[in-house]
Structures are given as structure tokens and as C-alpha cells.
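Only this structure's heavy atoms are used, side chains among them; waters, hydrogens and symmetry mates stay out. Numbering starts at 1 and runs along the sequence shown. Since the model is a prediction, treat every value here as computed from it, not as a measurement.
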Amino acid sequence: MRLGVLDVGSNTVHLLVVDAHRGAHPTPARSEKTVLRLAERLTPSGLLSKRGADDLVRTVAEAKASSVRLGCAELMAFATSAVREAGNSAEVLARVAEETGVELRVLSGEDEARYTFLAARRWYGWSAGNLLVADIGGGSLELASGIDEKPDFAVSVPLGAGRTTRTRFTADPPSRTEVAETAEWLVEQLAPVAKRAAKFGRPDRAVATSKTFRTLARLTGAAPSSAGPRVRRVLTESGLSQLIAFVSRMSATDLAELDGVSPSRSHQLLAGALVAQATMRALSLTELEIGPWALREGVILRRLDQTNGEDHTDSSE
């Protein structure tokens with residue numbers, strides 16, 4: 001069957017269309033992205049602005065039209081931290097449903113971690129053993145680990161690349177003091193999370209997903225996306241440290257000129273790199289393998305598990 005998944009994130013609204021059925025490898029048929037930066041369109045009182053809501057409704061309507069045109073049997077739509085944290089999220093969701101007919105499901109941070117972990121587990125298989133998965137979004141950082149398809153440990157912390165940029169930096173590029181203080185602050189924030197994660201043992205394989213990690217790996221020498229999803233890509237802690245020393249002196253405009261850096265995300269690249277570095281150090285990881293499947297694929301895979309009457313439930317649902 002052809003399925004569509006609509007991901008309303010902090011930076012972009014992403015429609016992914018795949019051809020898949022249970023037990024088969026989901027094959028991407030179409031990918032459409034719209035940059036909305038919803039997290040940056042919250043008012044001082046924490047509400048999604050009128051214009052932000054207007055643009056969200058328009059974008060969701062366009063995505064739904066695309067899914068119909070492309071022959072999707074179903075459109076699964078969800079929203080993450082930006083909508084989840086907006087003080088008027090209920091009103092915005094009701095308006096989206098009324099004006100577009102699309103019911104946006106708001107995922108909790110732990111839901112995000114679980115679905116992303118499922119996707120990584122399916123990609124790497126049981127041979128990965130005790131698997132650790134890290135994902136940096138615009139608003140939050142998700143971590144999950146375990147030996148099964150449902151992680152033993154799943155957590156979301158408000159340390160996304162966009163959020164860290166907005167709350168920690170006052171200049172572009174930030175001062176050396178801001179960079180150093182942010183790095184120290186991130187270590188402090190992640191210390192209790194790392195302590196919890198350590199209770200579940202050392203991972204046999206550590207994987208990173210998300211645009212932020214893919215970009216960082218690309219800038220440290222990993223193969224470009226054009227090489228395909230099955231090429232092994234890694235991000236090393238040493239390579240990341242060298243990259244931070246380089247990009248911390250560059251403005252967002254200059255960063256956007258680098259190969260593999262999206263202009264819409266260049267302003268949060270440094271913060272994302274600092275979050276990645278703090279995560280690796282907190283978890284004592286010298287290397288992360290870049291996984292091609294993440295949250296959207298996890299949602300699709302769980303939906304496929306539920307087809308044909310399979311008795312497979314998810315406590316996060």
C-alpha cells in the first residue's frame with residue numbers, strides 16, 4: 001500500500017510518501033518539505049502566532065492534497081515539540097482539523113524516542129545487540145536504548161539545536177564566552193540523563209539520526225546523501241571537536257555556503273554540534289554511526305505492524 005506520513009516539526013513540515021506492506025522494506029516514493037520554523041514563531045507568552053497558525057493550516061492542506069494526488073491510502077500526521085509546547089496547541093490543532101480534515105497527533109518526547117528507536121532497530125537488526133539511538137531535533141534531544149524493539153530506556157530533553165540557539169546565543173556568530181559557557185551548561189544538563197542511561201549497560205552499537213547529525217557527519221568527511229542510504233557514515237568525537245573549532249567563528253550566512261548545510265538550518269548548526277558533542281561525552285562515545293531511518297520511518301513501521309490483524313500493541317499509543 002502507499003502511505004503518507006506528515007511530520008510537523010520545529011523547523012519543517014515534512015511529507016514522506018512510501019510504498020510498503022508488512023514484512024517489506026518501505027520504499028520512498030516522494031518527499032516534500034516546507035520550512036515554517038514554528039518554534040521561532042511562538043509569542044513571548046508561549047502561543048503560536050496567528051500567522052504561524054495560518055501558515056501551518058495552509059501547509060497541512062497542501063500536504064494533504066499532495067498525498068491524495070500521489071494515491072496515498074492513508075495519511076498519518078503528527079506534531080512534535082513546537083506544537084506540543086505551544087500554549088494554544090489545542091486551539092491550533094482544532095483549527096487544522098476543521099479547515100483541512102487532518103487530525104494532527106501530538107507525540108510526546110518519549111513517543112519520539114520510541115518510534116525513532118524502532119526504526120533504527122529494524123534497520124540494523126538484532127545483530128546490533130544493545131542499541132543506543134540519539135536524535136537531535138529543533139526543540140529536543142531524544143535518547144533511547146535497549147536490546148528489543150521497545151527500548152528499555154527512552155527520554156526526551158529540551159536541548160534541541162534551535163532551542164539551544166535561541167536561548168543561549170545572543171550574537172551571530174556567538175562570542176567565545178557564550179560558546180564555552182553553553183558547552184559547560186550542556187554537560188551539566190546531560191549528566192543526570194547519562195547516569196540513568198548507564199544503568200542499562202554499554203551499547204554494542206551507538207546510532208545517531210536526524211538532519212543535524214547527518215550534516216555534522218557530512219562536514220567531518222562522511223559520504224554525501226547522493227551516495228545512498230547504505231553507505232556507512234560515522235561521526236567521531238575528535239572530528240566533531242575540530243569542526244566546532246572551525247564553525248564557531250562563522251556566521252550563519254557563511255555556514256550556509258558549506259557543502260551539505262541547509263540555509264534554513266545554518267543558524268543552528270553550531271548549537272547542534274555542541275549538543276552532539278555534549279551527548280557523546282556524557283555517554284562516553286567516541287563514535288556514532290549515522291542511521292538513515294528515524295521518526296517518520298518508525299511511525300510507518302508501527303502502522304504496518306498493525307495491518308492484517310497482527311496483535312502488536314504499543315504502550316505509547
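A distance of 5.5 Å separates CG of Leu304 from CG of Leu3, quoted to the nearest 0.5 Å. Of the inter-residue distances, the one linking Lys211 atom NZ with Arg218 atom CZ reads 10.5 Å to the nearest 0.5 angstrom. The structure places CD of Gln189 at 9.5 Å from OG1 of Thr164, a figure rounded to the nearest 0.5 Å. Summarising the geometry, atom CD1 belonging to Ile290 is positioned 5.5 Å from atom CG belonging to Leu235; distances are rounded to the nearest 0.5 Å. For the atom pair CG (Leu255) and CZ (Arg249), the distance works out to 11.5 Å, reported to the nearest 0.5 Å. Between Gln268 atom CD and Arg163 atom CZ the span is 12.0 Å, to the nearest 0.5 Å.
Within the 3.5 Å criterion, the main-chain N or O of Leu48 finds a donor-acceptor partner in the side chain of Asn88. Arg41 contributes a side-chain N or O that, together with a main-chain N or O of Leu36, makes up a donor-acceptor pair within less than 3.5 Å. Side-chain atoms of Asn130 come within 3.5 Å of backbone atoms of Phe200 as a donor-acceptor pair (strictly under, hydrogens ignored).
With hydrogens and angles left out, the side-chain atoms of Ser264 and Ser262 include a donor and acceptor closer than 3.5 Å. Side chains of Glu237 and Ser241: a donor-acceptor N/O pair is present below 3.5 angstrom, by distance only. Remark: the Thr80 side chain and the Glu112 side chain contain no N/O donor-acceptor pair separated by less than 3.5 Å. With 3.5 Å as the limit, one finds a donor-acceptor pair spanning the side chains of Ser140 and Glu142. If you check the side chains of Asp135 and Thr209, you find a donor sitting under 3.5 Å from an acceptor. Side-chain contact of Ser31 with His14: a donor-acceptor pair under 3.5 Å is present, judged by distance alone. Checked by atom type, the side-chain pair Glu178/Thr170 shows a donor-acceptor distance below 3.5 Å.
The one candidate from Thr165, Thr182, Leu240, Val187 that meets the side-chain contact (heavy atoms from CB on, under 4.5 Å) condition with Leu274 is Thr182. Put simply, the residue from Lys150, Arg22, Arg122 that forms a salt bridge (Lys or Arg N to Asp or Glu O under 4.0 Å) with Asp305 is Arg122.
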Start with the C-alpha distance between Ile300 and Leu16, add both sets of side-chain angles, then the distance that settles side-chain contact (heavy atoms from CB on, under 4.5 Å), and finish with yes or no. CA-CA 10 Å; Ile300 290 169; Leu16 176 65; 4.1 Å; yes
As a quick check of understanding, evaluate side-chain contact (heavy atoms from CB on, under 4.5 Å) for Thr12 and Thr34, giving each step before the final call. CA-CA 5 Å; Thr12 63; Thr34 302; over 6 Å; no
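By the criterion of side-chain heavy atoms lying less than 4.5 angstrom apart, applied directly or through intervening Ile, Leu, Val, Met, Phe, Trp or Tyr residues, Ile136 is grouped together with Ile244 in one hydrophobic cluster.
In this structure the side chain of Asn11 reaches within 4.5 angstrom of the side chain of Arg265, judged on heavy atoms. Using a 4.5 Å heavy-atom cutoff, the side chains of Arg30 and Glu32 are in contact. Side chains of Asp259 and Val261 form no contact here, defined as non-hydrogen atoms less than 4.5 Å apart. Between Val133 and Leu143 there is no side-chain heavy-atom pair separated by less than 4.5 Å. Side chains of Leu285 and Thr279 form no contact here, defined as non-hydrogen atoms less than 4.5 Å apart. Residues Leu295 and Phe78 are in side-chain contact: their nearest non-hydrogen atoms beyond the backbone lie under 4.5 Å apart. Between Arg202 and Ser284 the shortest side-chain heavy-atom distance falls below 4.5 Å. When side chains are defined from C-beta on, Leu131 does not count as touching Ile147, because their heavy atoms never get closer than 4.5 Å.
Under 4.0 Å is where a charged nitrogen must lie from a carboxylate oxygen, and between Arg205 and Glu289 at least one such pair does. Under 4.0 Å is where a charged nitrogen must lie from a carboxylate oxygen, and between Glu62 and Lys33 no such pair does. Using a cut-off of 4.0 Å between Lys/Arg side-chain N and Asp/Glu carboxylate O, Arg114 and Glu110 are scored as salt-bridged.
Remark: Ser45 engages Thr43, Leu47 in a side chain to side chain contact (heavy atoms under 4.5 Å, CB included) (not counting sequence neighbours). For Glu297, the salt bridge (charged side-chain N to carboxylate O under 4.0 Å, His left out) test picks out no residue, with sequence neighbours left out. Listed by chain and number, the residues in a ring-ring contact (aromatic ring centres under 6.0 Å, His included) with Trp123 are Trp293 (sequence neighbours excluded).
For Arg51, the CZ atom counts as loosely surrounded, since its 6.0 Å shell holds 12 or fewer non-hydrogen atoms of other residues, nucleotides or ligands. The neighbour count for Arg58 CZ, taken as heavy atoms of other residues, nucleotides or ligands under 6.0 Å away, is above 12.
Val155 approaches Ala113 most closely through the heavy-atom pair O-CB, 4.0 Å. Shortest non-hydrogen contact noted between Val5 and Val299 is CG2-CG1, 4.1 Å. The two residues Ser67 and Leu75 have their closest heavy-atom pair at OG-CD2, 3.9 Å. Looking at every heavy atom in both residues, Arg2 comes nearest to Ala29 through NH2-CB, 3.5 Å. Considering every non-hydrogen atom in both Ser127 and Tyr124, the closest pair reads OG-O, 3.5 Å.
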